[in-house]
Novice: 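Dropping a structure here in structure tokens format, bear with me for questions.
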Amino acid sequence: MEPSDLTTRRNGLQRRVPGASTLSEHIGSMDRGETSSPEPETEEEADSLIRSSDRENRRRHRVRPGIRGELGNIALLLFLYVLQGIPLGLAGSIPLILQSKSVSYKDQAFFSFVFWPFSLKLFWAPLVDALYFSRFGRRKSWLVPTQYLLGLFMLYLSATVTSLLQSEEGPKVGTLTAVFFMLAFLAATQDIAVDGWALTMLSRENVGYASTCNSVGQTAGYFLGNVLFLALESAEFCNKYLRIVPKDTGIVTLPDFLFFWGVIFLVSTTLVAILKRENDHSRGRRNVPEETQGVTETYRLLFSIVKMPTVFTFCSLLLTAKIGFSAADAVTGLKLVEAGVPKEQLALLAVPMVPLQILLPVIISRYTAGPRPLDVFYKAFPFRLLIGLEYALLVWWTPHVKQEGGFPLYYYAIILLSYALHQVALYSMYVACMAFHAKVSDPLIGGTYMTLLNTVTNLGGNWPSTVALWMVDPLTSKECQGAVGQSCSSSLEAELGVKEGGVCVTTMDGYYVESVVCVVIGLLWWLWLGKRMRRLQEQSSSAWRCRVNQ
């Protein structure tokens, strides 16, 4: 969203852009009898004013910071966002590791709560923005302790993660979820602090680079913590591509990786705390003032927005729109790993998708820039449902194409093509939704308004994914063959059957049941509620305006 003349979007709060003034301020100054400076009475006075103005303009031109003068700040922001992406990438790799250890899908569902904090950070962002130690720094008051805790949690995990993943009773999913949830919560809090710091760390001329640092840094950090880690941790990948003499382990292990980044977090945070001041007054830079609403006012504003009939209807639709895609998005990758596809190969398939993910928003935005962006959302919806059925067919086909040495090249080409089509449909819906958010958000409270809608959109994708993972096992039917009187209704009964010479055979995979049910639900949503969402575009702008501003 392009920021309005009065506000910029950060952390769900409103901040006055330095130098901007509101209409009420102008009216207030007139009521107080304040007027502008009188016009010069003589030609000499006019010349003097002109010369003074020229000197002021030249002085401002000299002190205006260019991009070269702020490369250090941009590099620091980029580094902080990279650090933020590391725990997110690691959290994304754990489900694949757990799946290779045959944990239940209920355990996977429980672990999926790890990914919720970034969808809920709006609820504690006002606290991060309002509570701080002014002598230490508004953003450093949260950034420094948050990153220290991230580093300490990583060091703790480096010493315990092996026992948590390889205990005799199986992986301790509850403890893993608690620790990685804290990592994600701290990373989300760090994101709030860094986003806010970017407003004062960079000059007004260069503040646009903050969003670039955010997207590039987070993507790079996630790549390091997910794709690169899974590749270097895989003995098969390292022996095939990076080693001459094969070994039983990868080049790095999860404890080593966690210890390395834990140390990086602690060292870099110490350097930032000691060496970096929040407001640099050198080179003529001025302290950039920030005005925020109080915590109570912000929460009251959020509640008043949600109570609006159009917003309430739209949020309800956003919370249910992704039910039809939940099985395809949350379960397919784990099913492929269960079928024998190496997890590092699946992770590496994300690499060729990066150029597509960069180009898609640019291309799609041409069709969502008009007055009806949700038309694109509506048209892409059924195609994404069909891709979900194609994913189920791909999972069914995977065991039939597996060879002795792995999977043929054409199999990975089909997965890559399927993933590319999925990304086209996904980004079409995402860009359309973001365009509509920008279109309807009240410009006077655009930051809070937009962040609320984005939070609801993200939450609408998280809860169906958790439920989809949770329901795979209850919907799956198994029977014990070779052992009379035994069943496979639980893991204990399955172990008993195996001891007596039996084997558990899946007669009905819950993933396929879910895939069909989700597509049916999604189709009904598209036919009924999808049309209702399109009609929201016909509402006047006053229907979306918050009453506190009327």
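Numbers for residues simply follow the sequence, beginning at 1.
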Novice: Check the pair His422 / Met353 against side chain to side chain contact (heavy atoms under 4.5 Å, CB included), numbers first and verdict last.
Specialist: CA-CA 11 Å; His422 177 266; Met353 288 293 103; over 6 Å; no
Novice: Around atom CZ of Phe259, are there more than 12 heavy atoms of other residues, nucleotides or ligands at under 6.0 Å?
Specialist: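 Atom CZ in Phe259 is not crowded, with 12 or fewer foreign heavy atoms closer than 6.0 Å.
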Novice: Just checking, any donor-acceptor pair under 3.5 angstrom between side chains of Tyr81 and Thr219?
Specialist: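 Tyr81 vs Thr219: no donor-acceptor pair found between side chains.
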Novice: Provide the closest heavy-atom pair for Phe79 versus Ser268 in the form atom of the first, atom of the second, distance.
Specialist: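 Closest heavy-atom pair between Phe79 and Ser268: CE2-CB, 3.5 Å.
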Novice: Would the distance check show the side chain of Thr332 and the main-chain N or O of Asp329 forming a donor-acceptor pair, the cut-off being under 3.5 Å?
Specialist: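 The answer is no, because no donor-acceptor pair under 3.5 Å joins these two groups.
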Novice: Atom CZ of residue position Phe136 - does it have more than 12 heavy atoms of other residues, nucleotides or ligands inside 6.0 Å?
Specialist: yes
Novice: Measure across Phe312 and Val306 and return the closest heavy-atom pair with its distance rounded to 0.1 Å.
Specialist: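 Of all heavy-atom pairs spanning Phe312 and Val306, the closest is CB-O, 3.5 Å.
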Novice: Can you tell me if NZ on Lys379 sees more than 12 non-hydrogen neighbours from other groups inside 6.0 Å?
Specialist: no
Novice: Enter the distance from Leu349:CG to Glu344:CD here, rounded to the nearest 0.5 Å.
Specialist: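 Going from CG on Leu349 over to CD on Glu344, the span is 11.0 Å.
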Novice: Taking the six-membered ring for Trp, are Phe381 and Phe325 ring centroids under 6.0 Å apart?
Specialist: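 Yes; Phe325 has its ring centre under 6.0 Å from that of Phe381.
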Novice: Got a sec: does the CZ of Phe237 have more than 12 other heavy atoms crowding it under 6.0 Å?
Specialist: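 Count over threshold, so yes.
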Novice: Can you establish whether the number of heavy atoms outside Tyr209 located under 6.0 Å from its atom OH is more than 12?
Specialist: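 Check fails, neighbour count at 12 or below.
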Novice: Okay, side chain of Lys140, backbone of Ala273: is any donor-acceptor separation there less than 3.5 Å?
Specialist: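 Yes: the side chain of Lys140 pairs with the backbone of Ala273.
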Novice: Parallel, tilted or perpendicular: which fits the ring planes of Phe113 and Trp116, with parallel below 30° and perpendicular above 60°?
Specialist: tilted
Novice: What are the two closest heavy atoms between Trp544 and Val440, and how far apart are they?
Specialist: CB-O, 3.4 Å
Novice: Between Gly92 and Asn226, which heavy-atom pair has the shortest distance, and what is it?
Specialist: C-ND2, 3.3 Å
Novice: For the rings on Phe377 and Phe436, is their centre-to-centre separation under 6.0 Å?
Specialist: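 No - the distance between ring centres of Phe377 and Phe436 does not fall below the 6.0 Å cut-off.
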Novice: Check the angle between the aromatic planes of Phe229 and Phe257 and answer parallel, tilted or perpendicular using the 30° and 60° thresholds.
Specialist: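 Phe229 vs Phe257 ring planes: tilted.
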Novice: Does the Glu278 side chain pair with the main chain of Arg138, one donor and one acceptor, at a distance under 3.5 Å?
Specialist: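 A pair under 3.5 Å: yes.
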Novice: What heavy-atom pair brings Ala435 and Pro373 nearest, and what distance separates the two atoms?
Specialist: CB-CB, 3.9 Å
Novice: Keeping Tyr222 on the side-chain end and Val227 on the backbone end, is there a donor-acceptor pair under 3.5 Å?
Specialist: no
Novice: Going by atom type alone, with no hydrogens or angles, which donor-acceptor pairs under 3.5 Å involve a side-chain atom of residues 182-190 and a protein atom two or more places apart or on another chain?
Specialist:
| unit_1 | atom_1 | unit_2 | atom_2 | d |
| --- | --- | --- | --- | --- |
| Thr189 | OG1 | Trp124 | NE1 | 3.1 |
| Thr189 | OG1 | Phe185 | O | 2.9 |
| Gln190 | OE1 | Gln84 | NE2 | 2.7 |
| Gln190 | NE2 | Leu80 | O | 3.1 |
| Gln190 | NE2 | Gln147 | OE1 | 2.7 |

Novice: Out of Thr455, Asn462, Asn454, which residue meets the side-chain hydrogen bond (donor to acceptor under 3.5 Å, both in side chains) rule with Ser119?
Specialist: Asn462
Novice: Can you check whether Thr310's main-chain N or O pairs, donor with acceptor, with Gln539's side chain at less than 3.5 Å?
Specialist: no
